[in-house]
Amino acid sequence: MASYDASEIESKWRKKWTDSKLYEVDLNSDKPKYYNLVMFPYPSGDKLHVGHWYNYAPADSWGRYMRMKGHNVFQPMGFDSFGLPAENYAIKSGVHPRESTLKNVEHMKKQLSDMGAMYDWDKSVTTSEPDYYRWSQWVFLQLYGKDLAYKKTAPVNWCDSCQTVLANEQAQDGTCERCDSEVTKKDLAQWFFKIRDYAEDLLNHDDLDWPEKTVLMQKNWIGKSEGCDIDFKLEDGSETLTCYTTRPDTLFSVTFIVVAPEHPLVDKFVEGTEYEDEVKKMREKIYNQTDIERTSEGGKDKLGAFLGKYAINPANGEKVPVYMANFALMYGTGVVMADAHDQRDFEFAHKYDIPLKFVISEDGKEIDPKDFDEAYVEDGMLFNSGEFSGMNNREALPKMIKWLEENKNGRATINYRLRDWLISRQRYWGAPIPVVYDPEGNPHPVPEEHLPWMLPTDVEFKPTGESPLAASKEFIERTEKIFGKGWRPEVDTMDTFVCSSWYYLRYPCTTMEDMPFDKKVDDKWLPVDMYIGGPEHACMHLLYARFINMALHDMGHIGFKEPFKKLVHQGMVTKDGAKMSKSKGNVVSPDEFIEKYGSDVFRMYLMFMGPFTDGGDWNDKGITGIARFVDRFFGVVSEKSEVKDSKALAKALNKLIKKVSADIERFQFNTCVAAMMEFVNFVMKNGIDDESRKVLVRLIAPLAPHLAEEGWSVLGEKDSIFNSQWPEYDEKLVVDDTVVLGVQVNGKVRGEVEIGVHTSQENALEIARLNPNVSKYLEEGKVVKEIYVPGKIIGFVVK
RNA sequence: GCCCAGAUGGCGGAAUUGGUAGACGCGCGGGAUUCAAAAUCCCGUUCUCGCAAGAGAGUGAGGGUUCGAUUCCCUCUCUGGGCACCA
C-alpha cells in the first residue's frame, strides 16, 4: 500500500495555500458572511501547547466546514500581547517587554501557520502595538465622555518588602510569590468602569445561542436580588443605619446590627472613644484576611468588635447593639441587620455573647435559640411579629415591605452583586490610561488628537513602590509640553481585559488608520457568528466584552448590542486524568507527534479523544490509531478497487454524509471521525468508485485539510478542495429496507429478528414469536401484553 | 459551606426522543506474512459459568416510576471546575 508522507505533503499544500492566497477574505463579497472567531492567545515564549491545538484545530475545522457550505468565512487571529509575563521577564532579564513580545508574536505566528489553519494574516491585531492601543485608549475616552469611568479609592495587594503591587495570582495564601513575606492591603485611587449601569442589560441573554451553563454563571455573577432597605436610627439620634436585606420577614428577631469594616461609619463611631483601639486592631486583622478566609464557613473565623453604639429596631422599638464584623461586605449598604435566622449571625452572636431570638418556626409555636445549635433557616410561620404573627413568612415578605414603606422605615430596593470594573494597573506593560492631571490634581481626558498616548520607554522595570511610568522623564515632559507647567500624566495602565473587550470590532477594519472601526463594515460583519474559547472566561472577559459592546452601541458607534451570537467552550486536555502543568511535569509537547505523524493526524486525534466541549485524556499510544486510519484512508482514495456491491456503497456513503454533517454541526468531532473509520473499514472490503472517493475526501476536508487536498488532487481535481461544495445526501438512500430488532420477554432480550421497516404490528409480533428462544419463554406463562415500537423494539409481558 | 458539571469494559469514549449497553479507537490474546523483527492484514476481546447454544450479573451506591432506565424522579458517595459569606 502506498504510504502517506505527511510532512512532505503537508508542507507542499501549506505553501500552495499561502502562494495562492486561498484564505484571504474579500470582506465585500456578496456571499453570506460568517465570522468564526477563537479567543486570541497571549504570545508566550513557549511553544504552542496541546491546549492551543485542542482549541484552534476544531475551530478551524468548523470554519472550513462553513466555507464549504457556501459561506464567506472570516477567521482572523491576533495576539493579546499586554500583560504580566512580559513585564516579569523584563524585570528578570532587562529585555524590554516590547522586544520580547514582538519576538514571541512572530514565533507564534509561524507555529500557527504550521498548524495549517485558514487564518487571514492580513487582518490581525497585536494589542500592545500603538496602532491598536490608541483605540483601546479611545474606548476609555468614550466611556469617560459618557460618565461611565470614574476614580475612587480601592485596596490592592501590597508586598512591603518587594515594594510592589501584587496580582491575586502572585499573592496566593496571603504571602508574596516573590519573597514569601506577608501580603497586606494598600489603598490607592484607581479608575473604574461603571459596568453596574449595565447589570440589567447584561442579565438578558434572550437572543444568544450560548451554553446554558455560561448564562447561568453570568446570572449568578451579576447576582440580582430584590429586597429592601430598612432604616435603624441610632439611640442617640445622631445617625440612621440603613440595612439592606432580602429577608425583612426576620425583622422582629433582629438583636444586633453589623457594619462592614470598610464602612466610613466605623471610624466615625469609635474615634476618640474607649472602643477605638480594639476596633482598629480588629480591623487590621480583618484587612489582612484574604477574601476566602473572610468568607469561609465555620464559626471559628467570625471576627468583629462592638462599636459602642445602639440602634432602635423600627419594628418593635428594641435597643440593639452595633458591631463591626468580617463577614459584612461593602455590598448593598454595607450594613446588615443580624438575627437568629442566619447561620453567620447566629455564630457571631454566640462568639460575642449577643442575645438571640426566633420569630419563625414550623408551626408558629414559639421556639428558643437556647434549644438550638444552629440558626433556624427554614421557612415557616411567624410568631412574636406584631400584626404579621401567624402568617407564612414568605407570604408576609411583600406585606412587610409595604408596611415599612407606609411607616417610612424602609423601601423596596434591587441590588446587584456585580462590582464595577477596576481597570487601573500599577504596571508598565499595558496601555497608558489617557488622563492627565492639572496642577490642582483634577483629572482631564487626553484629547483624541494626542492618541496614541504613547507608552514611555525611559522607565525602570524593577519595583520602586510606584507605577513604573512615574519614573519616566519623557512622560512628564511630554505632558507639560502639551498641557502646561505642573500638569502630570496618569501613571497607571489599563487592565488587559479592556484591550480584549473590543478586538473583535477591529479585525474587519485593521487597515483603518483614523478610526478604530467603520460602523458600516462592522454592522455587516458582526455580531461574531461563532465564538470559541475556554469556560474560564465566562464571568470576566465575556461579561466585559458584552458591556463594552453595549456601551458603544448605546453611543451609536455600532448597530448591534451583543457581540457574540453563538458561543462554544472547549474542554480541557488532561494527561492520565490530571491537568497538564509544568510543575507536575506531565505536559505533552505537540512537536514530536506532529513531526512523526503530521498535523492532520495530530488534530484528528485531539478531536477523536472525546467530545470537544468535554475535553479528553491524552494517550501517547492512542494517536497511532489515527495514523493507521490516515494511511488506510489514503490507500482507499488513491488505489483502484473493484466495487462489489454498489447499492450498499451508495447507502453507506449517503449515511456517512448525513452523519458527518450532523456531527460537525453539533461539534461532536469524535463520533464524526469514528463514522469515517467505519466507512473506510467497509470500503476496504467492498471497494469504491471515483465519484464516491471525491465525496469522501470532501467529507474529511474540514478535519484533515492537507490529506483531503492531496486526495482531491490525486483524483484529478485542479482547484482547491476548499473551493468545492460540501456534499449533499439523498434522503431516499439513507433509509434502510430492513431492520434488526431485539425481542424482549419481561424486559429481557431473548433474541433478535430481521424484519421489513414497514412491517405491521401483527406480522412483527408473529415473526418474533417464531424465534425459538423467544417462544421458549412465552410458553412459561400467559402473554398479557405485546409491544411493538417500529424500528426500536418488540416485547412481550408474560405472567 | 454554596453553585455548576460529571461517574459506562484494562484505557479514551459511543448509545441524537425511555427501546438490543459497550460503536470507533487504544491495549491485550491468537493467527497469517517474515530468516527474524518492525510494519501490515485476519480472528477474538464487559465480567462469571459453559466446547457451544445459552444462562446469570452489569453504566458510582441504594431506592422509585415503567413491559422496558446509562437516559426520568428521590437519597447518598466520590471526582472535577467555579466562588465575591450577598444578608
Side-chain angles (χ1 to χ4, degrees), chain A residues 1 3 211-214 216-217 220-221 223-225 227 243-248 250 258 291-298 301-302 325-333 335-339 341-345 347 415-419 535-536 538-539 571-572 574 576-579 605 608-611 613-626 628-629 631-632 635 659 662-663 666 668 670-678 681 684 740-753 772-773 776 784-789 791-799:
Chain A
M1 184 183 283
S3 91
E212 260 175 70
K213 174 180 118 174
T214 313
L216 193 66
M217 278 165 86
N220 289 341
W221 188 264
K224 180 176 181 172
S225 75
C243 301
Y244 174 72
T245 182
T246 53
R247 294 291 307 277
T250 63
V258 293
D291 278 359
I292 305 289
E293 279 171 333
R294 227 172 119 174
T295 61
S296 72
E297 197 71 30
D301 295 316
K302 297 283 169 292
N326 61 344
F327 63 87
L329 303 180
M330 275 309 288
Y331 164 78
T333 59
V335 186
V336 186
M337 59 186 221
D339 56 71
H341 293 289
D342 182 287
Q343 185 59 24
R344 295 152 299 175
D345 301 348
E347 287 167 13
N415 247 298
Y416 301 93
R417 99 173 124 188
L418 179 68
R419 295 174 189 164
E536 67 275 16
C539 296
M572 204 201 326
T574 55
D576 303 320
K579 194 172 168 171
Y605 177 57
F608 186 63
M609 256 167 23
T613 50
D614 290 4
D617 197 65
W618 177 272
N619 180 320
D620 284 1
K621 294 235 175 80
I623 194 169
T624 60
I626 301 289
R628 281 179 200 146
F629 164 65
D631 268 345
R632 267 178 280 168
K659 169 87 176 149
D663 281 351
R666 59 187 185 127
Q668 293 271 338
N670 54 334
T671 50
C672 179
V673 174
M676 219 99 66
M677 287 172 167
E678 271 181 276
N681 290 342
M684 305 252 294
V740 176
L741 293 189
V743 183
Q744 295 183 337
V745 180
N746 290 345
K748 280 198 188 293
V749 180
R750 296 301 180 183
E752 56 184 36
V753 292
N773 200 48
K776 191 169 87 188
V784 295
K785 192 169 180 182
E786 296 169 328
I787 297 138
Y788 175 52
V789 184
K792 303 276 188 188
I793 200 83
I794 297 170
F796 298 96
V797 183
V798 174
K799 269 192 177 157

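Computed from heavy atoms alone, side chains included, the values below leave out hydrogens, waters and symmetry copies. In what follows, chains are A, B, ... by sequence order, proteins preceding strands, each numbered from 1.
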- Note on the structure: Residue set satisfying salt bridge (Lys or Arg N to Asp or Glu O under 4.0 Å) with A/Arg247, at least two apart, ordered chain then number -> A/Asp249
- Task: Under 4.0 Å between any heavy atoms, over every strand shown, what does A/Arg417 touch: base, sugar-phosphate, or nothing? Just pick one.
- Result: base
- Message: Which is it for B/rG60, anti or syn, if anything within 90° of zero counts as syn?
- Response: anti
- Message: For the residue pair A/Arg417 / A/Asn220, report whether a side-chain donor-acceptor contact shorter than 3.5 Å exists.
- Response: no
- Message: Over all strands shown, is A/Pro535 touching base, sugar-phosphate only, or nothing at heavy-atom distances under 4.0 angstrom?
- Response: nothing
- One should report the stems of RNA chain B, each a stretch of at least three consecutive Watson-Crick or G-U pairs at distances under 3.5 Å, as B:1-7 with B:77-83, B:10-12 with B:24-26, B:27-32 with B:40-45, B:46-49 with B:54-57, B:60-64 with B:72-76
- Considering only atom C1', compute the distance from B/rG81 to B/rA38 and round it to an integer number of Å. 44 Å
- Quick one, give me the B/S/- string for nucleotides 23-29 of chain B, reading 5' to 3', where B means a protein heavy atom under 4.0 Å from the base and S means that only happens at the primed atoms, P, OP1 or OP2. BBSSS--
Using a cutoff of under 3.5 Å, can you pull out all pairs of nitrogen or oxygen atoms linking the protein to nucleotides 43-45 of chain B, with atom names and distances?
none

- Task: Using a cut-off of strictly less than 4.0 Å, decide whether A/Thr250 has a side-chain nitrogen or oxygen near OP1 or OP2 of B/rA87.
- Result: no
- Rounded distance in Å - CE (A/Met676) to P (B/rA14): 16 Å
For nucleotides 55-58 of chain B, list the nitrogen or oxygen atoms of the protein found under 3.5 Å from its nitrogen or oxygen atoms, one pair per line.
| unit_1 | atom_1 | unit_2 | atom_2 | d |
| --- | --- | --- | --- | --- |
| B/rA55 | OP1 | A/Arg750 | NH1 | 3.1 |
| B/rA55 | OP1 | A/Asn773 | ND2 | 3.4 |
| B/rA55 | OP1 | A/Tyr777 | OH | 2.8 |
| B/rG56 | OP2 | A/Arg750 | NH1 | 3.0 |
| B/rA57 | OP2 | A/Lys748 | NZ | 3.2 |

- Query: Touch check for A/Val740, heavy atoms < 4.0 angstrom, all strands: base, sugar-phosphate only, or nothing?
  - Reply: base
- B/rG62 versus B/rA52 - spacing of their P atoms, nearest Å: 30 Å
- Message: Applying a 4.0 Å non-hydrogen cut-off, can you work out what A/Asn220 is touching in the nucleic acid: base, sugar-phosphate, or nothing?
- Response: sugar-phosphate
- Task: Ignoring the backbone of A/Lys785, work out which of B/rC67, B/rC4, B/rC86 is nearest its side chain.
- Result: B/rC67
Table of protein N/O atoms under 3.5 Å from nucleotides 16-19 of chain B N/O atoms:
| unit_1 | atom_1 | unit_2 | atom_2 | d |
| --- | --- | --- | --- | --- |
| B/rU16 | O4 | A/Lys659 | NZ | 3.3 |
| B/rG19 | O2' | A/Lys792 | O | 3.2 |
| B/rG19 | N2 | A/Gln744 | OE1 | 3.0 |

- Measure the distance from CG on A/Leu329 to P on B/rA87 and round it to the nearest whole Å. 11 Å
